[in-house]
Amino acid sequence: MFLSLRTEVETALEDALVALEYPTDDLGIEEPPDDVASVLASSVAFRLAGEAGAAPPQVAAQLADEIDLDELTYVSRVETQGPYLNFLPSDAYFETTLGAATAADYGTLEDRDQSVVVEHTSANPTGPVHVGRARNPIIGDAVANVLDFAGYDVSRHYYVNDAGRQMAVFTWAYETFDEDDLEDDPARERIEYDLVRYYRKGNRFLENASDEEVEAAEAEIDAIMQGLEAGDEETYERVSEVVDQVLGGMKECLERLPAEFDEFVKETRFMRNGATDDLVARLKELDEAVYEEDAWQLELDDHGIDKNLVFLRSDDTSLYPTRDLAHHEWKFDNYDRAVTVLGEDHKLQARQLRTTLELLGNDTDQLRQVLYSYVNLPEGKMSTRRGTGVDLDDLLDEAIDRARDEVEDRLDDRIRDDDLQEDDIERIAHQVGIGAVRYDIVSKQPTKAITFQWDQALDFEAQSAPYVQYVHARCCGILEESGFGVDGTIETDVDATLLETPAERDLLETIARFPAVVEEAADDLEPHQIATYTREFADRFNTFYRECQVLSDDVDADLQEARLALVAASRHTVANALSILGVAAPRSM
RNA sequence: GGGCACGUAGCUCAGUCCGGAUAGAGCGUCGGACUUCUAAUCCGACGGUCGUGGGUUCGAAUCCCAUCGUGCCCGCCA
């Protein structure tokens, strides 16, 4: 397939260059434009022209002559087009691709025997998940999925900030106020919507109450933080009561995406097991450590970071970054690689963390940080504390509602009479609605800023999830109709050379590239590359669908069999690509 | 003020890391295709100083410098 072909082309070209005594440092291999028949090309002749004392097209011709086609399996011909060398695929290339893609797990790469922990979301357990953070679970889950496909042994972690001042404020507010003190009813029947009201009430109190009242409250909050720092079991229980309830609700919300986790790692764990204390001791020993204004800090100027990192407060309590250092050393001890998905507002902390881990003697090459920019409202930032923002639950509900309307509208002017039942409609509404939200977010580069707008977030038009999902449904429709069934086994020894129209060839070539796309997306930690691929794939499939009948009586049996294999291969490709993106693949729509 | 990111068609985005063939999609607008394996589809037209100005190169949306605009960050919060 593509990866094998690329290796073959690289080797052949390198050999040719060596034989002609040209340098081999840059092979100039690239993917040609769509209207060129080759699958790979090289522009190396441009660079060699000066040295060869000949024009690029002549150099290209010389190279093409030098390549021995008999030694190549997946390349049938090398053609020149001006200065470009074009490598055309052989029958074996199509044959092998079709065979490989007949497997349901097509696109999964060989096991790498490497573990990687993907930490994402990690939103503070203070209240409902809002849309400002929704990019994190969606990108994070897709990053984890693509690594999984690429052969890594993936663990998904949610790091729970249960030790900070926020949680101390929340715990105090929860214990201090009663239902009667709260002005509003919960926005939704779920625990985090109920409890967040105490958090907001507490914060308002601290802003508005008299100095004495605030002082008394601060004393209690302080006691909670000191208790946690000292590893006091009773304090931990009190805080946990709030954390676990709120987190439980947030977990339910995230499961709707669905984003699920292998482990919820609490930061108090690294206080209670002494790791944070040990770490503080080691930090104090560093050359960069200074004791200024009663607090222990790290001066990182020499490492290109102007801002000091305070790691121990004047009251001897640790800070979030201190515990996170211990957390990361724990990850390094237990996994080969660590990936963290976090908002761009944490960028500076991310650099401080990385630099400090390095100073502590860790190999930070094993840590990769994926940054995304926040989703803001037209009127500004979303905040749990202030209660500004759109809840993710509301976005998902609205998406499902709009999708349901869409399904019902389309039901009326459907030509095919395939009686969708009530539960089919509901299933499609969920798959399409949630799929559209995820796809919209995962298909863009995470660094681009997004301003949330309902109509934009819920646009079901082409280049969105339903477009790709529809291709999957079409594949399933054909397979169902054929009698083989959607998951049925299609003959694997079909003759791929029968697939000779441009539409069939283009589709197979696109299928062939899928594993290479998975590899690249995993290497770059960029799941949006998969999304871009699904669009190209859907275009190609739809052309094939228009041009090539599969089940018609006019199609002879051998060709029909080959086309059915192509449809099965297409289905595996699109289903797996969608599953990486975390978007459902409907069997009917 | 300093650091980082982003700027591509009226709108939403690919392409930028790793420079190469006439800069690609979708939405919107206009026109066309359902007795056919699902029309959430397809075909055609219109639409671009790739923010701007320099530089490097045979070749720049892509690399370098400058500049403008937008976003994020610069707490003993997380």
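Basis for what follows: all heavy atoms, side chains included, without hydrogens, waters or symmetry-related copies. In what follows, every chain begins at residue 1, and chains take the letters A, B, ... in the order their sequences are listed.
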Open item on the list: Distance check, P atoms only: B:rG75 and B:rC58, in whole angstrom units.
Closed with: 48 Å
- [ ] Please tell me which of the listed nucleotides, B:rA40, B:rC77, B:rC43, lies nearest to the side chain of A:Glu406?
- [x] B:rA40
Open item on the list: Of the options B:rG71, B:rA78, B:rC74, whose atoms approach the side-chain atoms of A:Lys307 most closely?
Closed with: B:rC74
Open item on the list: Categorize A:Val471 for me: base, sugar-phosphate, or nothing, with a 4.0 angstrom heavy-atom threshold over every strand shown.
Closed with: nothing
- [ ] Please report, rounded to the nearest Å, how far the P atom of B:rC42 is from the CG atom of A:Asp539.
- [x] 7 Å
Task: Distance, P atom - from B:rG59 to B:rG15, rounded to whole angstrom - done: 26 Å
TODO: Could you work out the separation of B:rA25 and B:rG48 based on their C1' atoms and round it to a whole Å?
DONE: 14 Å
Task: Check: B:rA78 base within 3.5 Å donor-acceptor of A:Gln349 side chain - done: yes
TODO: Look at the side chain of A:Gln445 and decide which nucleotide, out of B:rC4, B:rA14, B:rA78, has an atom nearest to it.
DONE: B:rA14
Open item on the list: Once hydrogens and angles are ignored, does a donor-acceptor distance under 3.5 Å link the base of B:rA40 to the side chain of A:Asp409?
Closed with: no
Task: Sugar-phosphate only, base, or nothing, as touched by A:Asp455 at under 4.0 Å among non-hydrogen atoms - done: nothing
TODO: Answer with yes or no whether A:Gln463 presents, from its side chain, a donor or acceptor under 3.5 Å of a partner atom in the base of B:rA25.
DONE: yes
Task: Nearest-angstrom distance, C1' atom, B:rA14 to B:rG54 - done: 28 Å
Open item on the list: Looking at A:Asp553, I'd like to know if its CG atom is crowded, meaning that more than 12 non-hydrogen atoms belonging to other residues, nucleotides or ligands lie closer than 6.0 Å.
Closed with: no
Open item on the list: Measure CD/A:Glu526 against P/B:rC17 and give the value in whole Å, please.
Closed with: 12 Å
Task: Spacing of A:Tyr372 atom OH relative to B:rC73 atom P, expressed in whole Å - done: 12 Å
Open item on the list: Quick check: on RNA chain B, is the nucleotide nearest A:Val36 upstream (toward 5') of the one nearest A:Arg323, or the reverse? Name the residue that is more 5'.
Closed with: A:Val36
Task: B:rG71 to B:rG24 separation - P atoms, rounded to the nearest Å - done: 32 Å
TODO: Could you check how far CD of A:Gln369 sits from P of B:rC72, rounded to whole Å?
DONE: 21 Å
Task: A:Tyr159 versus A:Thr121, side-chain donor and acceptor atoms under 3.5 Å - done: no
TODO: Check the side chains of A:Thr510 and A:Arg540 for a donor-acceptor pair under 3.5 angstrom, ignoring hydrogens and angles.
DONE: yes
Task: Modelled atom types, side-chain donor and acceptor of A:Asn86 and A:Ser38, under 3.5 Å - done: yes
Open item on the list: Heavy atoms only, 4.0 Å cut-off, all strands: where does A:Gln560 land among base, sugar-phosphate and nothing?
Closed with: nothing
Open item on the list: Given B:rC43, B:rC37, B:rA40, identify the nucleotide with an atom nearest to the side chain of A:Arg546.
Closed with: B:rC43
Task: A:Gln529 versus A:Asp524, side-chain donor and acceptor atoms under 3.5 Å - done: yes
Open item on the list: Taking the nucleotide of RNA chain B with the nearest heavy atom to each, does A:Asp34 or A:Ala403 sit closer to the 5' end?
Closed with: A:Asp34
Open item on the list: Please report the distance separating the C1' of B:rU12 from the corresponding atom of B:rG28, rounded so that it comes out in whole Å.
Closed with: 11 Å
Task: B:rC73 and B:rG55, which share atom name P, separated by this distance in whole Å - done: 38 Å
TODO: Considering only atom C1', compute the distance from B:rC46 to B:rU29 and round it to an integer number of Å.
DONE: 8 Å
